[in-house]
Trainee: 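A single structure is presented below for examination.
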4 protein chains.
Amino acid sequence: MPKVGMESMRRQQLIDATIDVVAEVGLKGATINLIAKRAGMSSGIISHYFGSKQALIEASVRYLLSQLKIEYSPDNPYDRLMKIVDLNFSGIQKADSSTKTWLSFWGQSMHDPNLYRLQEINKRRLVSNLRYSFKQLLDPKTAHDAAEVTAALIDGFWLRCALSRANQEKFSLAKGYCKKYINSVLEQPTVI
Amino acid sequence: MPKVGMESMRRQQLIDATIDVVAEVGLKGATINLIAKRAGMSSGIISHYFGSKQALIEASVRYLLSQLKIEYSPDNPYDRLMKIVDLNFSGIQKADSSTKTWLSFWGQSMHDPNLYRLQEINKRRLVSNLRYSFKQLLDPKTAHDAAEVTAALIDGFWLRCALSRANQEKFSLAKGYCKKYINSVLEQPTVI
Amino acid sequence: MPKVGMESMRRQQLIDATIDVVAEVGLKGATINLIAKRAGMSSGIISHYFGSKQALIEASVRYLLSQLKIEYSPDNPYDRLMKIVDLNFSGIQKADSSTKTWLSFWGQSMHDPNLYRLQEINKRRLVSNLRYSFKQLLDPKTAHDAAEVTAALIDGFWLRCALSRANQEKFSLAKGYCKKYINSVLEQPTVI
Amino acid sequence: MPKVGMESMRRQQLIDATIDVVAEVGLKGATINLIAKRAGMSSGIISHYFGSKQALIEASVRYLLSQLKIEYSPDNPYDRLMKIVDLNFSGIQKADSSTKTWLSFWGQSMHDPNLYRLQEINKRRLVSNLRYSFKQLLDPKTAHDAAEVTAALIDGFWLRCALSRANQEKFSLAKGYCKKYINSVLEQPTVI
DNA sequence: TATGAATGAGCCTTCATTCAT
DNA sequence: TATGAATGAAGGCTCATTCAT
């Protein structure tokens with residue numbers, strides 16, 4: 001009599017193990033045996049549950065993406081913008097593994113249609129979320145530009161922090177710069 | 001008697017082939033045989049000239065880095081800032097392969113000390129160049145912050161463009177956004 | 001559920017295959033594929049059970065050594081001496097492969113610390129066993145010398161037989177010469 | 001105008017280099033590049049002069065053999081026996097490289113017809129030389145046996161010394177044991 | 001004659017996948 | 001369902017040999 005939910009538990013454990021292992025030894029070094037051992041299971045289980053290593057990788061990316069999807073609560077537009085910034089950097093803060101893992105996945109996504117699609121979704125969602133809020137505060141053109149720039153700023157700081165094995169302080173600074181930019185855009189007299 | 005300069009020619013051909021192949025099939029798919037075949041040489045040549053695949057990879061990164069090192073001519077500070085932006089995006093425009101290859105290298109650099117060091121140098125150089133020029137136009141604190149933000153902006157747009165297989169137009173837009181940000185910083189009344 | 005003892009069986013089969021293959025084509029010609037095929041297994045199995053080809057080679061040497069370690073039964077000193085001689089030549093007679101394989105290993109042991117150590121143990125054990133028995137029959141100095149000479153005699157005949165692809169008859173002759181030497185030493189009036 | 005004897009000089013230098021390199025790194029580690037570099041020449045020269053690496057190895061063995069062929073001067077039989085012993089151990093003493101190299105060659109000779117033949121010649125010559133001298137001092141049967149045993153003794157001590165990275169003292173002791181054995185055979189009342 | 005750059009076959013090793021249990 | 005032993009294709013690297021100079 002299999003325990004209910006046993007399967008989804010195992011799947012999640014394997015995804016967690018994948019993220020950890022990729023963070024530690026890179027995508028190249030993350031072998032099936034290593035991941036399975038980390039999850040405390042046998043190597044065969046991965047084929048069993050995911051069909052292939054590739055599918056496990058993709059499931060892991062999907063999971064990381066879902067972590068960023070947490071619904072922005074229906075605050076006012078300004079608070080939402082701040083929350084978007086917070087959320088994008090807090091994922092990093094919570095688990096350092098995520099950062100390194102993300103970077104590894106990005107490097108691979110250029111040559112993997114499935115990963116590529118997932119990254120695209122992520123990229124578009126960020127700018128789309130920003131644009132939605134900016135548009136409630138600025139004229140359309142300015143809002144559009146502000147969203148583009150803010151998204152680049154978030155990703156740029158994120159990338160530079162990730163590549164630096166940055167400490168908490170740097171992340172806080174980065175967050176500050178992003179918010180400061182948003183403030184500066186909003187404070188300027190809107191040109192119609 | 002070997003032709004003078006033959007060696008450096010071959011080395012460069014192999015580096016070019018590496019960048020192309022990594023762009024096409026990723027770091028993982030870039031086998032020695034593939035790279036050698038692309039360069040029109042035999043697989044053994046890589047050991048002969050670089051000692052190992054790893055060394056070829058590193059040489060390729062070093063080459064990409066050197067492409068960004070082109071001396072900024074001694075213009076006035078403002079023109080230098082514009083040139084920095086141009087240079088950082090033109091490298092991408094010239095050869096689409098570079099973009100994808102960079103991304104692959106970044107993904108790996110978290111787990112490769114040599115690559116990591118090279119990326120660090122690159123990252124620091126950008127912000128340092130920006131800071132140098134900003135300091136001639138703004139008070140120290142503002143200059144420092146402007147440099148940090150501009151660097152993140154360049155990298156962020158760069159990353160988003162790279163991940164998008166972006167076309168020329170997007171690169172131009174990105175360049176425009178970066179320059180616009182710099183202008184906005186310089187136009188604001190400097191707070192001492 | 002794997003069969004109990006399966007692993008040790010496989011390991012022994014691989015060791016046997018190694019000894020055979022080295023005997024046939026030499027240490028240099030003994031590739032992993034050849035050994036695995038001889039054992040009726042896949043090439044990957046060697047890494048699986050031994051970690052590396054080198055480790056398999058060493059395990060094979062250790063096995064050959066262990067074949068010489070069969071306890072000399074607690075007979076009287078003279079019978080023990082005779083048994084030592086018999087044992088050292090019977091190993092050869094039983095399996096012709098052992099002889100050639102030994103020689104291959106010896107050739108390599110000069111440049112392989114692990115093999116060297118194993119050979120040292122083997123060499124010392126022979127002379128030590130001989131000395132122990134001789135000392136019960138002769139004065140210390142004579143016993144010591146007799147052990148040294150007998151050991152050299154055994155190894156010398158062994159080597160010459162091995163290099164000759166010698167037949168059974170030659171081995172018997174060699175055994176006879178060794179025993180005759182021992183007898184001659186023991187028959188001489190012991191000088192105290 | 002090529003210098004007379006240039007070729008034979010080069011050949012000898014390559015043979016010397018081969019013996020040195022094999023002694024240092026073993027037969028397996030002795031690559032053509034290493035040998036050529038040691039001789040101060042280019043790697044291509046080996047094919048040029050010897051046709052192949054294999055041929056160079058064989059030439060080196062032939063050279064080592066020739067070093068043992070130095071004519072025994074026409075002394076009396078007893079002095080000749082002593083000289084045979086001296087010669088067989090002095091080769092070792094002169095150059096430690098020879099010992100290790102010999103051993104490497106022996107290990108390979110089981111699987112190389114040419115090397116095998118050379119070793120056979122060597123082996124037969126030793127026992128034949130010994131028999132020739134013993135026969136002038138003992139009855140045929142005793143002389144035959146004494147020659148066999150002495151040859152085994154020489155090779156046995158030689159092997160054990162070689163495997164031990166033995167020092168000069170051990171070689172002297174071995175020489176002493178061999179001579180002592182010869183004396184003991186000759187002193188015994190000859191049984192017709 | 002002599003060089004050493006270039007070749008490419010062959011080696012050991014790794015590792016995703018399979019499958020009998 | 002879950003295991004992990006076994007497979008074998010593919011990778012990087014070594015190195016004897018070749019050949020244009």
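Within every chain, numbering begins at 1; the chains are lettered A, B, ... in the order of the sequence lines, protein sequences first and strands thereafter.
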Trainee: Are the side chain of Y116(A) and the backbone N or O of L163(B) linked by a donor-acceptor pair below 3.5 Å?
Mentor: yes

Trainee: Out of dT17(E), dA5(E), dA2(E), which nucleotide sits closest to the side chain of I32(A)?
Mentor: dT17(E)

Trainee: Which nucleotide wins on minimum distance to the side chain of S43(D), given the candidates dT17(E), dG4(E), dA9(E)?
Mentor: dG4(E)

Trainee: Give a yes/no answer on whether the side chain of R10(D) brings an N or O atom under 4.0 Å of OP1 or OP2 in dT1(E).
Mentor: no

Trainee: Using only heavy-atom distances, determine whether the side chains of Q54(D) and N114(D) contain a donor-acceptor pair under 3.5 Å.
Mentor: no

Trainee: Which nucleotide, in any strand shown, forms a Watson-Crick or G-U wobble pair with dT7(E), with both distances under 3.5 Å?
Mentor: dA16(F)

Trainee: Output the single nucleotide from dA16(E), dA16(F), dC13(F) whose closest atom is nearest the side chain of K53(A).
Mentor: dA16(E)

Trainee: Using purine N1 to pyrimidine N3 plus N6-O4 or O6-N4 for Watson-Crick, or N1-O2 and O6-N3 for G-U wobble, each under 3.5 Å, what pairs with dT21(E)?
Mentor: dA2(F)

Trainee: Heavy-atom nearest nucleotide on DNA chain E for K28(C) versus S47(C): which residue maps closer to 5'?
Mentor: K28(C)

Trainee: Any donor-acceptor pair under 3.5 Å linking the side chain of K28(C) with the backbone of Q108(D)?
Mentor: no

Trainee: May I have the distance from M9(A) (atom CE) to dA2(F) (atom C1'), rounded to whole angstrom?
Mentor: 15 Å

Trainee: Using whole Å, report how far CZ of R11(B) lies from P of dA6(E).
Mentor: 12 Å

Trainee: If you check the M6(A) side chain, which of dA2(F), dT18(F), dT14(F) turns out closest?
Mentor: dA2(F)

Trainee: Any Lys/Arg nitrogen of R10(C) or E7(C) sitting under 4.0 Å from an Asp/Glu carboxylate oxygen of the other?
Mentor: no

Trainee: Measure from the side-chain heavy atoms of T31(B) and tell me the nearest of dG11(F), dC13(F), dT18(F).
Mentor: dG11(F)

Trainee: Send over the distance from I45(C) CD1 to dT13(E) C1', rounded to a whole Å.
Mentor: 14 Å

Trainee: So, is Y49(C) close to the dA6(F) phosphate, meaning a side-chain N or O under 4.0 Å from OP1 or OP2?
Mentor: yes

Trainee: Return the 5'-most residue of the pair I46(C), N33(A) with respect to DNA chain E, ranking by each residue's nearest nucleotide.
Mentor: I46(C)

Trainee: Considering every strand and a 4.0 Å limit on heavy-atom distances, what is the contact class for F50(B): base, sugar-phosphate, or nothing?
Mentor: nothing

Trainee: Using the side-chain contact (heavy atoms from CB on, under 4.5 Å) definition, which of the options T18(B), V25(B), I19(B) pairs with V21(B)?
Mentor: V25(B)

Trainee: Side-chain N or O of H48(A) less than 4.0 angstrom from OP1 or OP2 on dT1(F)?
Mentor: yes

Trainee: Nearest-Å distance, CG (L34(A)) to C1' (dT14(E))?
Mentor: 13 Å

